[in-house]
Amino acid sequence: MQEGENITVIGGGVIGLTTAICILERFPKVNLTLLAQFLPGDRDILYTSPWAGANWCSFAPADDKRLQELDRVTYKKFEEMWKDEKVRKESGLFRVKEDDHYDEIPMTPSFIRSFVSNYRIMPREDTLKDSKYAEYFETFTLNVPIYLQYLARQVRERGGKIVRHKLNHLNESFVDLQVGGENIPKPSRVFVCVGLGASTLKGVEDSKVYPTFGQVLLVKSSVPLDRSFSQDKGAEDLIYCIPRNDGTAILGGCMEPRNASSVPRPEMSERIAQRCIELEPRLAVREGKTSLERLDVLEINVGHRPSREGGVRIETEERVEGGGKVLVTFEYGHGGAGYQSSWGSAIMAIESSLNSRSKL
């Protein structure tokens, strides 16, 4: 990317913001504009990033080397950030001890063992009831509202512009735009980081993109928690606790593909509360007739993971508009792995744009 080159990133979630930062870090003299319908601070069911638990706990399959690399790069980035005390405080990053329990013994050793801190397979006597296998390692969680604002500041501090604007068609981003007094010059490269919006944005309309329903509780703990855990007995019986740096924790959950409901289910909330208290009794801070009443619940939220058949799409195409050529890099479909693959994804998307055979 050349000095003065005009770049547009579409999407104000974790993927779009992280991609904008990586472009500006590598090419500080480009003119970058991030266009987004939703921005940090917004709370809308169509804006998936605010509702995430946001921990690093890779579930990349053994045969998906690409996703493994996205997750590995992101873990190493979080390690780097953690070493900087100022970044640690400003970003909402939190280091925790993780134990994950599974109902099947894997056929191959976990790829994460080669780079995460203090990895070990847990002894059978420490594995939770109804699970056959468990892993322990040190990892990171993110306080999502703080982290998204941190990313937005990083974009602006590096010279990028963030402009709220809803596109009706992808082609609108290929030409000069005037938005609220802001002049957005015609770009030579566009990065499409629109999450679930990829299914409806004209010019993209990817039929492989779909929502995966999740429901979580945001709770306050009476004591600081530094243990993150999960027990996976299938998509309909998934439990996890993700502590944050401010004494709160995200409790979940479920994964229900193609369920676009925005309404939390009371029975789901009670199941999450009951199971999480069983696995971490310190979460119960008061007396109550139900498990939910025993928690200090701040919010009950629903979110939609931006899933995609075939997994993440990271590829570049040449589009022609108004007699000019634009390189368009598509970067979406991360499902529930957006935060934990974000830095690796951004780097791969940039490489995809730079290595495209299309000529401007």
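- In terms of modelled atom types and a separation under 3.5 Å, the side chain of Glu172 and the main chain of His169 share a donor-acceptor contact.
- Counting only N and O atoms by type, the side chains of Asp71 and Ser58 include a donor and acceptor under 3.5 Å apart.
- Following chains of ILVMFWY side-chain contacts shorter than 4.5 Å, one can reach Phe191 starting from Leu354, so the two form part of one hydrophobic cluster.
- No more than 12 heavy atoms of other residues, nucleotides or ligands sit less than 6.0 Å from atom NZ of Lys166.
- To the nearest 0.5 Å, atom CD1 of residue Ile112 and atom OH of residue Tyr119 are 6.0 Å apart.
- Applying the side chain to side chain contact (heavy atoms under 4.5 Å, CB included) criterion to Lys132, with sequence neighbours excluded, gives Glu104, Ile105.
- Using modelled atom types, one side-chain atom of Ser342 and one backbone atom of Tyr339 make a donor-acceptor pair closer than 3.5 Å.
- Applying the side-chain hydrogen bond (donor to acceptor under 3.5 Å, both in side chains) test to His101 and every residue at least two apart in sequence or in another chain returns Asp99.
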From CA spacing to verdict: salt bridge (Lys or Arg N to Asp or Glu O under 4.0 Å), Glu270, Arg275: CA-CA 9 Å; Glu270 178 61 21; Arg275 292 286 305 284; over 6 Å; no
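- Ion pair Lys77/Glu79 not flagged as a salt bridge, since none of the NZ, NE, NH1 or NH2 atoms sits closer than 4.0 Å to an Asp/Glu carboxylate oxygen.
- Between Trp56 and Phe137, the ring-plane angle classifies as perpendicular under the 30° and 60° cut-offs.
- Between Arg164 and Glu182, none of the side-chain N atoms (NZ, or NE/NH1/NH2) sits under 4.0 Å from a carboxylate O, so this pair counts as no salt bridge.
- A single hydrophobic cluster is seen to contain both Val190 and Val194, as judged by linkage of ILVMFWY side chains at heavy-atom distances under 4.5 Å, directly or through other members.
- For the pair Arg313 and Phe330, the distance from NZ or CZ to the six-membered ring centre is under 6.0 Å and the angle to the ring normal is within 45 degrees.
- Side-chain atoms of Asp126 never come within 3.5 Å of backbone atoms of Met122 as a donor-acceptor pair (strictly under, hydrogens ignored).
- Evaluation of the salt bridge (charged side-chain N to carboxylate O under 4.0 Å, His left out) test over residues 150-160, restricted to residues two or more places apart or in two chains, returns Glu25-Arg158.
- Every residue two or more places apart in sequence or in another chain that forms a side chain to side chain contact (heavy atoms under 4.5 Å, CB included) with Glu299 is listed here: Arg43, Leu218, Asn301.
- Evaluation of the side chain to side chain contact (heavy atoms under 4.5 Å, CB included) rule for Lys83 yields no partner, not counting sequence neighbours.
- Residues Cys57 and Glu98 meet the side-chain proximity criterion, which asks for heavy atoms closer than 4.5 Å.
- Residue Leu128 belongs to a hydrophobic cluster whose other members are Phe229, Ile239, Leu279, with links defined by side-chain heavy atoms closer than 4.5 Å.
- To the nearest 0.5 Å, atom SG of residue Cys276 and atom CZ of residue Arg271 are 8.5 Å apart.
- Residues satisfying the side-chain hydrogen bond (donor to acceptor under 3.5 Å, both in side chains) criterion with Thr19, sequence neighbours excluded, are Glu331.
- In this structure, the side chain of Glu5 does not engage the main chain of Val30 through any donor-acceptor pair within 3.5 Å.
- Between Glu69 and Arg72, at least one side-chain nitrogen of the basic residue sits less than 4.0 Å from a carboxylate oxygen of the acidic one, meeting the salt-bridge criterion.
- Looking at Leu93 and Tyr147, their side chains never come closer than 4.5 Å, going by heavy atoms from C-beta outward.
- Within 6.0 Å of atom CD in Gln178, more than 12 heavy atoms from other residues, nucleotides or ligands are found, so the atom counts as buried in its surroundings.
- Not a single donor-acceptor pair under 3.5 Å links the side chain of Asp84 to the backbone N or O of Met81.
- In this structure, Ser221 contributes its side chain and Pro224 its backbone to no donor-acceptor pair below 3.5 Å.
- Remark: Lys29 engages Glu3 in a side chain to side chain contact (heavy atoms under 4.5 Å, CB included) (not counting sequence neighbours).
- Under a 3.5 Å cut-off, the side chain of Ser131 and the backbone N or O of Tyr133 do not form any donor-acceptor pair.
- Annotation: Glu267, atom CD; neighbour count of heavy atoms from other residues, nucleotides and ligands within 6.0 Å is above 12.
- The backbone N or O of Lys186 sits less than 3.5 Å from a side-chain atom of Asn6, completing a donor-acceptor pair.
- Shown here for Asn55 and Ser228, the closest heavy-atom pair between the two residues is ND2-OG, 4.0 Å.
- The hydrophobic cluster containing Ile314 also includes Leu67, Leu70, Val312, Met348, under a criterion of side-chain heavy atoms closer than 4.5 Å among ILVMFWY residues, counted directly or through chains of members.
- To the nearest 0.5 Å, the span separating CD1 on Ile277 from CZ on Arg294 amounts to 4.5 Å.
- Ring-plane geometry between Tyr47 and Phe38 is classed as parallel, the angle between the planes falling under 30 degrees on a 0 to 90 degree scale with a further cut at 60.
- Counting only residues at least two apart or on different chains, the side-chain hydrogen bond (donor to acceptor under 3.5 Å, both in side chains) pairs with a member in residues 302-311 are Asp206-Arg308, Thr212-Ser307, Arg258-Glu309.
- A donor-acceptor contact shorter than 3.5 Å links the side chain of Arg189 to the backbone of Ser353.
- Checked against side-chain hydrogen bond (donor to acceptor under 3.5 Å, both in side chains), Glu138 has the following partners two or more places apart in sequence or in another chain: Arg95, Asn118.
- Scanning all heavy atoms of the two residues, the minimum distance from Ala152 to Leu17 falls at CA-CD2, 4.0 Å.
- Scanning for salt bridge (charged side-chain N to carboxylate O under 4.0 Å, His left out) contacts around Arg282 gives Glu280, with sequence neighbours left out.
- In this structure, Phe115 has its ring center closer than 6.0 angstrom to the ring center of Tyr75.
- Side-chain atoms of Ser230 do not come within 3.5 Å of backbone N or O of Asp100 as any donor-acceptor pair.
- Between Leu295 and Leu283, some side-chain heavy-atom pair lies under the 4.5 Å cut-off.
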